[in-house]
Structures are given as structure tokens and as C-alpha cells.
2 protein chains.
Amino acid sequence: MNTTAGKPEGSRVIMIDGLAISVDDCPVRDVLGSVGGKWNSLMILSLAEGPRRFSQLRRLIPDISQRMLTQTLRDLQRDGYLARTVFPTKPPSVEYALTPLGRSFLELLRSLVRWSGEHHAEIRAARRIFDENGV
Amino acid sequence: MNTTAGKPEGSRVIMIDGLAISVDDCPVRDVLGSVGGKWNSLMILSLAEGPRRFSQLRRLIPDISQRMLTQTLRDLQRDGYLARTVFPTKPPSVEYALTPLGRSFLELLRSLVRWSGEHHAEIRAARRIFDENGV
DNA sequence: CAGTATCCGGGAGGATACTG
DNA sequence: CAGTATCCTCCCGGATACTG
């Protein structure tokens, strides 16, 4: 994030909107990593209705590559949003499910989805006007 | 995200969590662009308490480069989150302020900030456990 | 003061092939 | 079925220098 090559690193903090925000170790940045990635949010939404297996998720999200499907699942599992369960059948099947943390985050995500739907037209309009007047 | 510069693109839609999500023209993706960018969210939070001028913002967010400060402001202005007002003094001064849309989005952002604070420890813990057991 | 203009490295993410 | 392993491309964002 920042090289700060040579600094003692005394946990620099800036005040924004009445909030102490750490530049070096920011909770919001951590969460934004999960909301900002291309597939993370969609993945959590895809598990909203219940556990799904790898190939089910692949069909649910046709545009994702195996590589990104695997990586997204691993990242979300790592941060505790979802749990991975292996059933030792043959061939093996693996199930992914939201954890309590993931379900809690899902609420936030639904607010975001709702807000997006309500204001998308407004955003598109602003963009159009800006682009017309701009160049 | 998508140029839309030539394809008929019959608006492919997938159903997730009871929601119709367009792959080609997704409201959530548009908003996630603003929440996901490295500086966008922080910029909106920085304008929460009132209008700020360019150099004020630079001091508020010491780690940002001029380039990214300019670009972040332009992107957010383009999408209608903030308004830019030029005062023809000399040297000129420029003021940035949240629009109603920006203030509406700010509420969402504050939920995100609150949630992040409340669950950061949990996330860090999950991460630690995963990394230990992993390799 | 409030920006452009360039150059550049690193990482996110896509495509493809292979495996237990 | 549920993944690894590679390779490659694009573009985000940092550094630096210049300007009205």
C-alpha cells in the first residue's frame, strides 16, 4: 500500500468524518477488499439462499473463470465469510456456505444492492451530462 | 467497465438471491466502482462535514498523490456524488461538496464503516487461523 | 492554488491445459 | 467433480515534472 521505506511506522492515523482511520491497518480497507473485488460480493449473494457446491456456483455465475471462482472462494473463506465442507464421496463434492459473519455481511450487501437499484438512473444521468459538457 | 461500443449484447441477466442481475449493465457494479476504488470512499467521507478545497483535501489525506486526488474527484463528480465549484479569484480556488446523491451514499458508507469496526477483529482472527492451518 | 502530462511497475483477472 | 498450474494482458495507481 505505502512503501514508507524507512519510517518507524508508528501507526499513522488520520481523522475523517469524526472517525479515526489508520493508514497502515484499516478495517474499512480490509472489508472494502471483499466488497471491491470483482466477484466477492456476487459470490456472497449467490450463497444467500443456502449452501452451494462448486459446480453449482459455476453455473450460477457463468461468466467467472475456474481460476477466479477458486480464488474468490478461498479469499472469502480466509476472511471468515464462508465455510468450506468436503464430502468424501467419489468423486468428491465440496459445499460452500455462509458463516454467521457472512450472513451479517449479506445484510450490508443487500442495502448496497437496494441503494444501487434506487439511484442507478441518477448516476447514469449525471454521467451523461458530464460527458456531454466535458469534451 | 464496458465500452458498449459495438455489441448488440442482448442484456444477459442472471438471477441471484431473488435479484435480476445484468451482466452487461449492472447497477451494483457501477456503485461498486465507487466504493471499491482505493480512494473513492475515503474522499466521500472526507467531504462529510462540509465542502473542502483541493489543497484541504490533500492535507486531509496525506498519502494520496495529486494525480489520484484529481482523478478521484473527477470520477466522483462524473457519477454525481459531488459538485465542483470554481471561485474565480487569483489564484483560483475550487471547492468540492457532496451532492444529495453523495450524502445519500454517505449513509451507506457509514453503515459499512460501522460494520467494519465491529467485525474487524473477527476477520483478522479468521485470517490468522486460515493461514496457520493452511501451509 | 489547482491542476496536466508522462512514464512505469505490480497486481487483478482472463484463457487454457492438466490432475486426483 | 473440484480443483492446480502457467502464461499473459490490461489498467490501477504511484512518482515525477511541468503550467495557467
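Below, chain A is the first sequence line, B the second, and so on; all start at residue 1.
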What one should report as the nearest heavy-atom pair of M15(B) and A20(B) is SD-CA, 3.6 Å
Interface residues of residues 79-92 of chain A with DNA chain D (non-hydrogen, below 4.0 angstrom): R84(A), P91(A), P92(A)
Residues in side chain to side chain contact (heavy atoms under 4.5 Å, CB included) with D75(B), at least two apart? Q71(B)
Distance-only donor-acceptor pairs under 3.5 Å for side chains of residues 77-90 of chain B, two or more places apart:
residue, atom, partner, partner atom, Å
R78(B), NH1, D131(A), OD1, 2.8
R78(B), NH1, D131(A), OD2, 2.4
D79(B), OD1, R127(A), NE, 2.8
D79(B), OD1, R127(A), NH2, 3.4
D79(B), OD2, R127(A), NH2, 2.9
R84(B), NE, Y96(B), OH, 3.3
T89(B), OG1, P91(B), O, 2.9

Could I get a table of every N or O pair under 3.5 Å where one atom is in the protein and the other is in nucleotides 9-13 of chain D?
residue, atom, partner, partner atom, Å
dG13(D), OP1, K38(B), N, 3.1

For N40(B) and S34(B), work out which heavy atoms get closest and say how close. CB-O, 2.7 Å
Could you pull out all residues at least two apart from P92(A) that satisfy side chain to side chain contact (heavy atoms under 4.5 Å, CB included)? none
List for me each residue that meets salt bridge (Lys or Arg N to Asp or Glu O under 4.0 Å) alongside E49(A), sequence neighbours excluded, and say none if there are none. R52(A)
M68(B) versus K38(B): any side-chain heavy-atom pair under 4.5 Å? no
Report yes if the side chains of M43(B) and L69(B) come closer than 4.5 Å at any heavy-atom pair, otherwise no. yes
Salt bridge (Lys or Arg N to Asp or Glu O under 4.0 Å): pairs with one or both residues in residues 98-116 of chain B, sequence neighbours excluded: D17(A)-R110(B), E107(B)-R110(B)
Any donor and acceptor pair, going by atom type alone, linking the side chain of S41(B) with main-chain N or O of V35(B) inside 3.5 Å? yes
Identify, with sequence neighbours excluded, every residue that meets side chain to side chain contact (heavy atoms under 4.5 Å, CB included) alongside A121(B). none
Residues in side chain to side chain contact (heavy atoms under 4.5 Å, CB included) with E122(B), at least two apart? L101(A), H119(B)
So that I can compare with my own list, what are the stems of DNA chain C, taken as at least three consecutive Watson-Crick or G-U pairs with distances under 3.5 Å? C:1-20 with D:1-20
Side-chain contact test, heavy atoms from C-beta onward, threshold under 4.5 Å: evaluate it for V113(B) versus V31(A) and give yes or no. no
Is there a donor-acceptor pair closer than 3.5 Å between any side-chain N or O of S104(B) and the backbone N or O of P100(B)? no
Is the positively charged end of R29(B) above the ring of W39(A), judged by distance under 6.0 angstrom from the centroid and angle within 45° of the axis? yes
5' to 3' contact window, DNA chain C with chain B (heavy-atom distance under 4.0 Å): dC1(C) to dT6(C)
Identify whether any heavy atom of S93(A) sits under 4.0 Å from a base atom; if not, whether one sits that close to sugar-phosphate; answer base, sugar-phosphate or nothing. sugar-phosphate
When you measure from every atom of DNA chain C, which of residues 42-58 of chain B have a heavy atom less than 4.0 Å away? R53(B), F54(B), S55(B)
